[in-house]
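Each chain gets a letter, A, B and so on, in the order the sequences are listed, and its residues count up from 1.
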Amino acid sequence: MKYPFSEVEDKWVKRWEERKIHKTNLDDLKKKIYTLVMFSYPSGSKLHCGHWYNYGPTDSWARFKKLQGFSVFEPMGYDAFGLPAENNAIKTGVHPYDSTMNNIKDIREMLKRMGCMYDWDSELMTCVPEYYKWNQWLFLQLYKRGLAYKKEAPVNWDPVDQTVLANEQVLPDGTAERSGAKVEKRMLSQWFFKITDYAEELLDGLDKIDWPEKTKTMQKNWIGKSFGTEAQFKIDGHKDIITVFTTRPDTLFGVTYVVLAPENPLVQKLVTEDNKAAIDEYIDTVKHFSEIERTSTVKEKTGVFTGAYAINPVNNQRVPIWVADYVLASYGTGCVMAVPAHDERDFDFAKKYDLPIIKVILQDGTNEEDELTAAFTEAGTMINSGQFNGLNSDDGIDKITDYLIEKEIGDRKVNYRLRDWLISRQRYWGTPIPVVYCEHCGEVPVNEEDLPVILPYDVEFKPNGGSPLLKCEDFINTTCPKCGGKAKREPDTMDTFVDSSWYYFRYLNPKYDKGMFDVELAKKWVPVDMYVGGAEHATMHLLYARFIHKFIRDIGMINCDEPFTKLIHQGTITNQGAKMSKSKGNVVNPDDFISVYGADVFRMYLMFMGQYDLGGDWSDKGIVGVERFVQRIYTICENHKDLASEVSSVEKLEISKLNDAEKNVYRKINQSLSKYEKEIDNFRFNTTIALLMEALNIIHDNINGCSKEVQLYVLERFIAMVSPVGPHLGEECWEILGFDKSIFEEPKWFIVDEAALIADSVIIPIQINGKLRAKIEVAIDCEESEVKAIVHADEKVKSYTDGMTIVKEIYVKNKIYNIVVK
RNA sequence: GCCGAAGUGGCGGAAUUGGUAGACGCGCUGGACUCAAAAUCCAGUUUGGCUCAAACCAAGUGCCGGUUCGAGUCCGGCCUUCGGUACCA
């Protein structure tokens with residue numbers, strides 16, 4: 001009979017829901033596993049292949065853990081705020097709330113068709129006041145402790161649309177994606193979270209978590225800790241001092257100019273009359289470059305002389321002060337000492353503007369007179385450096401820094417590349433920032449008891465000049481929480497990464513209204529044991545979440561240090577070598593396959609395609625193979641209907657009492673069980689499916705020669721292994737075999753009979769001079785002396801060894817026998 | 001440029017971490033069943049040589065070299081593809 005996947009899948013989805021089989025009892029903490037995939041972003045109403053690839057296999061892992069007896073919590077929700085919904089609204093006129101809610105409705109239905117064991121009572125979405133209220137509360141806690149603050153920061157301004165753009169809306173050539181206008185930089189006062197206070201701990205904590213090395217390295221580089229020296233340069237004829245940061249104080253004698261970032265306030269102070277016009281023009285030009293253009297290494301460096309001079313603190317050399325956009329205002333001190341001989345950027349710049357190049361570090365094996373064709377950036381021996389001549393770079397770094405400290409013109413300094421987290425968005429579809437501006441009291445945070453600050457529904461969100469909420473009179477006009485006088489609300493909303501930085505706490509009780517989350521439950525269930533999601537979140541979401549977690553710990557609401565103990569990234573499923581996207585028109589729609597093959601087949605095929613973390617190129621070539629596999633499983637169970645009511649289950653069988661067919665299946669099922677546990681536990685789903693297919697082949701060939709007792713022994717184990725990867729199929733087969741309870745309602749796992757893993761005999765390949773020449777069958781664990789006799793009695797071996805001298809013989813027990821002849 | 005991953009049959013991919021390369025699946029070939037087809041089942045399938053066939057021989061995991069009794073796996077030097085990153089002083 002053909003496997004009626006459609007009826008079967010409907011039946012089990014319904015039954016799981018009716019009987020709340022996937023409800024996790026959070027108070028029951030036998031052995032807890034909190035497993036989570038990054039929640040879905042409902043910007044469209046469809047789930048694509050990537051979602052299935054992310055959610056399906058992870059759910060199979062979770063189901064396996066459940067069968068093993070763990071108390072597994074697997075929730076699902078929606079990252080519902082954000083730009084795509086707002087952009088869609090601008091384009092179509094459909095309100096973001098309406099489109100998002102509609103999309104969530106559709107996505108929820110599709111998620112249910114996947115057959116995952118989500119606990120739907122824990123479902124959450126971020127765009128409702130019950131959720132975003134706590135973003136606001138979190139903001140106030142950060143604010144109270146000085147970790148939320150306001151400062152001027154540049155935004156991408158589209159002069160045609162009169163609106164602020166996100167970085168991803170700016171094309172690489174610096175024009176706006178929508179209007180095509182040249183994007184400008186504009187300074188706006190914006191809110192920041194002080195993640196840099198946690199830089200050191202965010203770095204240290206990486207050692208304690210089981211994450212892919214690659215991801216940890218990315219975070220490490222992103223935090224970018226560097227040890228260096230700050231040195232002070234006097235300015236000729238000025239009181240002001242220029243402080244530079246360098247990791248190479250050993251090259252200090254090689255400084256031939258100093259460079260300030262265009263935004264550095266010192267520029268205006270020290271520029272001379274003659275050069276003012278040129279400098280102003282330069283700064284104006286720079287403003288029109290996008291971040292991407294400005295920091296492109298391909299772009300030729302440009303700069304302008306200020307007319308002022310600085311004094312090198314170690315040799316009193318007078319060096320010109322330039323302004324150039326290759327120096328960033330946001331890193332270090334916004335000024336650098338330029339050493340063209342030993343820094344690539346300075347070298348290029350000096351060549352272009354004909355500035356002197358002084359060699360102060362000598363590369364081993366070269367001469368002082370040799371001309372530099374490129375900057376020498378490695379360590380070497382110091383020259384042209386006064387009393388420091390002859391030192392190697394490492395010593396020089398220490399000695400020169402000590403010298404600067406002694407003269408009180410410098411110090412050791414640690415810098416981080418990490419910058420504070422800018423959370424202000426000049427957008428409508430997000431969490432309102434809970435701050436008001438009073439005519440008398442200035443900036444005042446909203447009182448906690450007045451939360452949430454509700455995001456109004458009726459708002460003109462089409463681009464019209466600034467934050468959309470600015471134009472919403474009912475929202476923007478309010479009273480001051482302090483003095484009761486007239487005040488205006490903050491019109492900006494929060495970055496959606498705030499929403500996702502703590503959602504894993506909220507899942508435990510999304511309706512909780514006494515606080516941000518249920519602290520007692522969180523202490524039992526957090527951290528998340530298994531977190532699965534795309535590698536593209538390595539430095540944003542995953543770093544923000546770690547930061548917020550540590551903050552929440554510091555205000556006493558949780559006692560662990562890290563949110564996600566183990567992290568796995570799924571690979572990307574491409575189509576014809578390219579990422580799937582609507583614009584390329586290469587999106588594979590899962591529905592097309594589910595309607596033909598069913599959800600289980602589609603899930604299993606995605607798992608079978610290849611290594612989970614590598615992803616792969618989509619092809620439907622092999623899906624029929626999985627379909628046949630499913631059909632064969634179904635047929636074999638149908639042929640043994642109600643077996644469980646005819647004979648009873650046994651834990652173990654005596655191998656010596658079994659006939660050959662029984663031995664074959666008994667061994668195979670135990671070997672498979674043992675291997676299965678290792679493979680699926682490590683997210684190796686492709687080999688998990690393969691080993692099940694292999695087992696089925698053996699079962700198929702031998703089952704008719706087995707007693708009913710053995711048949712049940714084998715089939716119940718086999719179906720238990722199928723259930724996590726094909727949950728509907730597994731449940732159906734379990735029922736067909738005659739078990740009356742759902743396998744996930746009464747989780748069942750089996751202990752491997754270790755005795756069955758050991759074969760009686762083993763085939764030993766015989767190599768002669770490293771080439772395979774023969775094979776012999778010997779008893780397991782056979783000693784060398786015994787094997788040797790058998791090997792040398794072999795006719796084939798004899799033909800290769802006769803008349804030759806045996807130089808050496810190597811025997812690896814149960815593995816191989818190698819003879820070296822001459 | 002730098003960092004990371006990958007490169008194995010016609011195709012997707014396995015390989016106990018140094019021990020029979022090609023598991024499992026797709027496709028293909030032949031056979032059984034059928035009036036016939038589909039479905040299903042059985043057998044075969046790295047390439048080349050020699051064979052009616054089996055047996056056998058040789059080559060073979062991106063390229064060149066090395067270590068080892070033995071290398072897809074380790075080492076040195078390249079090539080290609082895909083991710084990530086982008087002047088951090």
Side-chain angles (χ1 to χ4, degrees), chain A residues 2 212-215 217-218 220-222 224-226 228-229 244-248 251 259 261 291-292 294-299 301 324-328 330-339 342-346 348-349 377 415-419 535-536 538-539 569 571-572 574 577-579 605 608-611 613-626 628-629 631-632 635 675 678 684 686-697 700-701 763-775 796 807-812 814-821:
Chain A
K2 186 139 169 53
E213 278 310 313
K214 190 183 155 187
T215 310
T217 306
M218 278 171 76
K220 205 174 149 194
N221 294 339
W222 192 262
K225 185 179 187 179
S226 80
T229 299
V244 301
F245 173 76
T246 179
T247 52
R248 292 296 301 274
T251 64
V259 194
E291 189 86 355
I292 299 156
R294 227 187 106 171
T295 56
S296 161
T297 44
V298 203
K299 189 184 126 248
K301 298 180 195 344
D325 68 349
Y326 78 92
V327 173
L328 309 172
S330 51
Y331 182 76
T333 59
C335 331
V336 303
M337 57 178 226
V339 186
H342 306 292
D343 181 284
E344 280 171 35
R345 295 153 297 178
D346 300 344
D348 293 345
F349 195 80
T377 58
N415 260 330
Y416 297 92
R417 180 187 178 276
L418 183 69
R419 305 189 202 162
E536 67 273 19
T539 50
H569 297 304
T572 314
T574 54
K579 261 188 192 161
Y605 179 58
F608 188 53
M609 267 176 59
Q611 257 182 64
D613 53 352
L614 293 182
D617 204 45
W618 170 259
S619 151
D620 57 12
K621 281 262 174 61
I623 196 165
V624 293
V626 177
R628 284 175 199 153
F629 173 57
Q631 180 61 49
R632 296 217 291 166
T635 308
K675 207 171 157 199
K678 291 189 196 95
R684 287 193 293 257
N686 53 338
T687 46
T688 302
I689 304 284
L691 80 87
L692 289 174
M693 288 173 165
E694 216 176 306
L696 183 64
N697 288 341
H700 179 266
D701 291 347
I763 291 173
I764 301 282
I766 302 166
Q767 291 187 344
I768 291 162
N769 286 352
K771 280 190 193 292
L772 177 71
R773 294 300 182 193
K775 291 174 191 177
K796 192 85 194 296
V807 181
K808 202 174 180 183
E809 289 177 69
I810 299 118
Y811 173 59
V812 182
N814 300 330
K815 283 266 161 71
I816 202 155
Y817 197 100
N818 196 355
I819 305 170
V820 186
V821 297

Heavy-atom neighbours of A:Lys621 NZ exceed 12 at 6.0 Å: no
More than 12 heavy atoms of other groups within 6.0 Å of A:Lys225 NZ: yes
Main-chain N/O of A:Thr377 paired to A:Arg248 side chain as donor or acceptor, under 3.5 Å: yes
Expected output: side-chain A:Asn818 to main-chain A:Ile810 donor-acceptor under 3.5 Å: no
Rounding to the closest angstrom, what is the interatomic distance between [N] and [M] at atom [atom1]?
N	M	atom1	answer
B:rA86	B:rG22	C1'	41 Å
B:rG4	B:rC75	P	13 Å
B:rU81	B:rG76	P	23 Å
B:rU20	B:rC74	P	16 Å
B:rU46	B:rC52	C1'	24 Å
B:rC69	B:rC64	P	23 Å
B:rA23	B:rA37	P	31 Å
B:rG72	B:rU85	C1'	31 Å

Identify which nucleotide among [options] has an atom closest to any side-chain atom of [X], counting heavy atoms from C-beta outward.
X	options	answer
A:Asp343	B:rA89, B:rU20, B:rC56	B:rA89
A:Gln767	B:rG19, B:rC88, B:rC41	B:rG19
A:Arg628	B:rU40, B:rA89, B:rA23	B:rU40
A:Phe608	B:rC57, B:rC24, B:rG19	B:rC24
A:Asn697	B:rA14, B:rA59, B:rC24	B:rC24
A:His700	B:rC42, B:rA89, B:rC57	B:rC42
A:Phe245	B:rA89, B:rC69, B:rA15	B:rA89
A:Lys579	B:rG84, B:rG25, B:rC88	B:rG84
A:Thr247	B:rC26, B:rC69, B:rA89	B:rA89
A:Trp222	B:rA86, B:rG19, B:rA14	B:rA86

Identify the nucleotide, in any strand shown, that forms a Watson-Crick or G-U wobble pair with [N], with both distances under 3.5 Å; if there is none, say none.
N	result
B:rA58	B:rU47
B:rG25	B:rC11
B:rA53	none
B:rU73	none
B:rU80	B:rA6
B:rU16	none

With a non-hydrogen cut-off below 4.0 angstrom, is [X] in contact with a base, only sugar-phosphate, or nothing?
X	value
A:Asn818	base
A:Arg684	nothing
A:Ser226	sugar-phosphate
A:Lys675	nothing
A:Leu614	sugar-phosphate
A:Val820	sugar-phosphate
A:Lys796	sugar-phosphate
A:Val624	sugar-phosphate
A:Gln611	sugar-phosphate

Aromatic plane relationship, A:Tyr817 with A:Tyr811 - under 30° parallel, 30 to 60° tilted, over 60° perpendicular: tilted
[N] [atom2] sits how many Å from [X] [atom1], rounded?
X	N	atom1	atom2	answer
A:Glu344	B:rC2	CD	C1'	11 Å
A:Ile763	B:rA23	CD1	C1'	15 Å
A:Asp613	B:rG13	CG	P	13 Å
A:Asn769	B:rA71	CG	P	12 Å
A:Phe629	B:rC41	CZ	P	13 Å
A:Lys771	B:rC57	NZ	C1'	10 Å
A:Lys815	B:rU20	NZ	P	8 Å
A:Lys220	B:rC2	NZ	P	19 Å

Taking C-beta and beyond as the side chain, do [X] and [Y] meet within less than 4.5 Å on heavy atoms?
X	Y	value
A:Arg684	A:Gln611	no
A:Ile819	A:Glu809	yes
A:Thr251	A:Met337	yes
A:Val336	A:Val244	no

Residue closer to the 5' end of RNA chain B, A:Arg417 versus A:Lys214 (nearest nucleotide): A:Lys214
Nearest-nucleotide comparison on RNA chain B, the residue closer to the 5′ end among A:Glu536 and A:Gly615: A:Gly615
N-glycosidic conformation, B:rG9 - syn within 90 degrees of 0, else anti: syn
Syn/anti state of B:rU67 by chi, 90° boundary around 0: anti
OP1 or OP2 of B:rU40 under 4.0 Å from side-chain N/O of A:Arg632: no
Presence of A:Lys621 side-chain N/O under 4.0 Å of B:rC11 phosphate oxygens OP1/OP2: no
From A:Asn697 atom CG to A:Arg632 atom CZ, the distance as rounded to the nearest 0.5 Å: 5.0 Å
